[in-house]
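The structure appears right after this line, and notes come after that.
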Amino acid sequence: MPFYHRMGDVPKKRHTTFYKPNGELYREQVMGTKGFSGIQSILYHHHPPTQVRATRRYGEMKPEYVEQADLKHQHFKTFDLKAGGDPVSGRQYLLGNSDVVLGVCAPTEPMTYFYRNADGDELLFVHQGEGELETIFGTISYRQGDYLVIPVGTTYRVVPSAASRFLVIESQSDIVPPKRYRNEHGQLLEHSPYCERDIRAPERLETHVEEGEFEVRVKRQSVLYSYLFDFHPFDVVGWDGYLYPYALSIHDFEPITGRIHQPPPVHQTFAGQNFVVCSFVPRLYDYHPQAIPAPYFHSNVESDEVLYYVDGQFMSRKGIFEGSLTLHPMGIPHGPHPGKIEASIGKTETRELAVMLDTFKPLRVTRQALGIEDPDYMASWLPLRE
């Protein structure tokens, strides 16, 4: 995160005595990335975070990849997947590689435990619903269109207040604003499509002092472990620093437009190791008098392109629905469907809403994804027939 934030009570100096009203010490925890050279925050607990009653291996969270016989564009209808599970156990993985995994989740059950991803950052895009993201750093309210950025190692729980649907991106690295939109101090620049005012840090810090049995499930190297504590994991009385979860609404992303068609990097919203996340939002079309608003045909020679369709009519595609997810792999060209180039000429705006993931290593498809594939998608570029 590019700016400092503080919540609750913290001592005047770090690594000094900080006492509870009963005279006991609060327990200081430095939570940081990249050893001690990345961003960090310091949290103050009622109990030592190392005080674990029991631990056991719980299970695995590994995508089941399949080998494909051909190289082709693919369309997956994610709304055909059956809703179920909670906001973590209900995740259904569709694509992935060694850098990032992508899936969807439409939970129907509450989380009866807390969760911590120790492999990397998570990005949850709220396609539908509203609720709260409860974390060790405090609570963030979420609503349709929000990106929820959850740093590696954050203990959290998702609590929907209305039926929710998420696009889930699990990274093996940190997820940050694009470097070209930040100055050397980390501040977002004037040409950035969003700024710090659009970023929503935790709204309130609720310190829990309840005792009992509380489970935290920790994912490490795609294996899930269960830890039992005698106290509530959200026992933090205060914290400060640069590392914490936050929300950014896709509706606050300000599109960059031009006289002629702008390439996808202008839509970039986040970056991770070997991947980027982009937001396609309602915007004015290109305003050169001879402009063709539809994108040109292009070859993904070094990246795989994934588009998740959220709402509206996507101007370059046909046969696409809400919740559609398309994969255009590196090595073969793609572009507008037949008739879409001509139909775009003279149009002044688009109302589409979509999230794009571009990876710079090939993505693998899961068995679950093949179960919801549209088998005719590759043939959808054939000439229109009467």
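- Proximity of a side-chain donor or acceptor of Thr366 to a complementary backbone N or O of Ala369 within less than 3.5 Å is detected.
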- Task: Give the intermediate values and the outcome of salt bridge (Lys or Arg N to Asp or Glu O under 4.0 Å) for residues Glu373 and Lys72.
- Result: CA-CA 12 Å; Glu373 183 180 7; Lys72 63 179 180 178; 3.5 Å; yes
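- With hydrogens and angles left out, the side-chain atoms of Glu122 and Tyr156 include a donor and acceptor closer than 3.5 Å.
- Considering His208, His45, Arg27, His46 as possible partners of Asp235, the one that fulfils the side chain to side chain donor-acceptor pair (under 3.5 Å) test is His45.
- The main-chain N or O of Leu243 is found under 3.5 Å from a side-chain atom of Ser41 such that the two form a donor-acceptor pair.
- Proximity of Met111 to Val88: side-chain heavy atoms (C-beta onward) are separated by under 4.5 Å at one or more points.
- Relative orientation of the Phe18 and Tyr26 rings is tilted, given thresholds of 30° and 60° on the angle between their planes.
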Take Phe321 and Lys77 through the test side-chain contact (heavy atoms from CB on, under 4.5 Å) and record every step on the way to the result. CA-CA 8 Å; Phe321 318 97; Lys77 302 175 182 180; 4.0 Å; yes
Q | Intermediate values then yes/no, side chain to side chain donor-acceptor pair (under 3.5 Å), Tyr4 and Asp240 | A | CA-CA 7 Å; Tyr4 170 86; Asp240 72 336; 2.7 Å; yes
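- Salt bridge Asp174/Lys34: present, at least one basic N to carboxylate O contact under 4.0 Å.
- Of the possible polar contacts, none joining the Gln40 side chain to the Thr33 backbone as a donor-acceptor pair under 3.5 Å is found.
- Remark: aromatic rings of Tyr377 and Phe76 are distant, center separation not under 6.0 Å.
- No side-chain donor-acceptor contact under 3.5 Å links Asp146 to the backbone of Val126.
- A cation-pi arrangement is found for Arg217 relative to Tyr113, the charged atom lying closer than 6.0 Å to the ring centre and inside a 45° cone about the ring normal.
- When atom types are taken as modelled, the side chain of Ser164 and the backbone of Ala162 share a donor-acceptor pair closer than 3.5 angstrom.
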Quick one, Asp252 with Arg197, criterion salt bridge (Lys or Arg N to Asp or Glu O under 4.0 Å). Give me CA distance, side-chain angles, the key distance, then yes/no. CA-CA 10 Å; Asp252 287 328; Arg197 294 184 190 180; over 6 Å; no
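- The pair Glu170-Arg91 counts as a salt bridge, with a side-chain nitrogen and a carboxylate oxygen less than 4.0 angstrom apart.
- A 4.5 Å side-chain heavy-atom check between His267 and Thr269 finds every atom pair outside the cut-off.
- Using cut-offs of 30° and 60° for the angle between ring planes, the Tyr194 and Phe253 rings count as tilted.
- Counting heavy-atom neighbours within 6.0 Å of Gln290 CD, excluding the residue itself, gives a total of 12 or less.
- For Trp381 (side chain) and His334 (main-chain N/O), no donor-acceptor pair under 3.5 Å exists by modelled atom type.
- Checked for salt-bridge contact, Glu64 and Lys62 miss the test: no charged N lies under 4.0 Å from a carboxylate O.
- For the pair Arg53 and Tyr227, the cation-pi criterion (under 6.0 Å, within 45° of the ring axis) is not fulfilled.
- Note that the OG1 atom of Thr108 and the CG atom of Asp86 stand 8.5 Å from one another [nearest 0.5 Å].
- Looking at Gln144 and His251, their side chains come closer than 4.5 Å, going by heavy atoms from C-beta outward.
- Within a 6.0 Å sphere centred on CD1 of Ile332, heavy atoms belonging to other residues, nucleotides or ligands number more than 12.
- Counting non-hydrogen atoms of neighbouring residues, nucleotides and ligands closer than 6.0 angstrom, the CD atom of Glu213 reaches no more than 12 such neighbours.
- In this structure, Asp119 contributes its side chain and Gln221 its backbone to a donor-acceptor pair below 3.5 Å.
- Rounding to the nearest 0.5 angstrom, the gap separating the CG atom in Leu224 from the CE atom in Met61 is 6.0 Å.
- With a 4.5 Å cut-off on side-chain heavy atoms, Tyr285 and Thr348 do not count as touching.
- The structure places CG of Leu123 at 5.0 Å from CD1 of Ile169, a figure rounded to the nearest 0.5 Å.
- Within the 4.5 Å cutoff, the side chain of Val310 has no heavy atoms near those of the Phe280 side chain.
- A 4.5 Å side-chain heavy-atom check between His75 and Ile320 finds at least one atom pair inside the cut-off.
- Formation of a donor-acceptor pair under 3.5 Å by the Asn183 side chain with backbone atoms of Gly186 is found in this model.
- Separation of atoms OG1 (Thr359) and CG (Asn97) is listed at 5.0 Å; rounding is to 0.5 Å.
- Classification of Asp286 and Arg259 as a salt-bridged pair fails, no side-chain N sitting under 4.0 Å from a carboxylate O.
- Dense packing is recorded around CG of Leu205, with more than 12 heavy atoms of other residues, nucleotides or ligands lying under 6.0 Å away.
- Counted within 6.0 Å of NZ on Lys20, heavy atoms from surrounding residues, nucleotides or ligands total more than 12; the atom is thus considered enclosed.
- Shown are Tyr244, Phe137, Tyr246; of these, the ring-ring contact (aromatic ring centres under 6.0 Å, His included) with His5 is made only by Tyr244.
- Note on ring orientation: taking the six-membered ring where Trp is involved, the planes of His127 and Phe125 are tilted (angle from 30° to 60°).
- Formation of a donor-acceptor pair under 3.5 Å by the Asp304 side chain with backbone atoms of Pro362 is not found in this model.
- At least one side-chain heavy atom of Leu81 sits under 4.5 Å from a side-chain heavy atom of Val104.
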List the steps and the verdict of salt bridge (Lys or Arg N to Asp or Glu O under 4.0 Å) for Arg204 and Glu132.
CA-CA 11 Å; Arg204 64 184 188 277; Glu132 292 185 334; 2.8 Å; yes
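- Between Arg14 and Glu28, none of the side-chain N atoms (NZ, or NE/NH1/NH2) sits under 4.0 Å from a carboxylate O, so this pair counts as no salt bridge.
- Looking only at distances, no side-chain donor or acceptor of Ser226 sits under 3.5 Å from a matching main-chain atom of Thr55.
- Glu196 places a side-chain heavy atom less than 4.5 Å from the side chain of Leu188.
- Proximity of the aromatic rings of Phe214 and Phe231 is defined here by a centroid distance below 6.0 angstrom, and this criterion is not met.
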*salt bridge (Lys or Arg N to Asp or Glu O under 4.0 Å) assessment of Glu254 paired with Arg283*: CA-CA 9 Å; Glu254 300 301 332; Arg283 62 193 182 277; over 6 Å; no
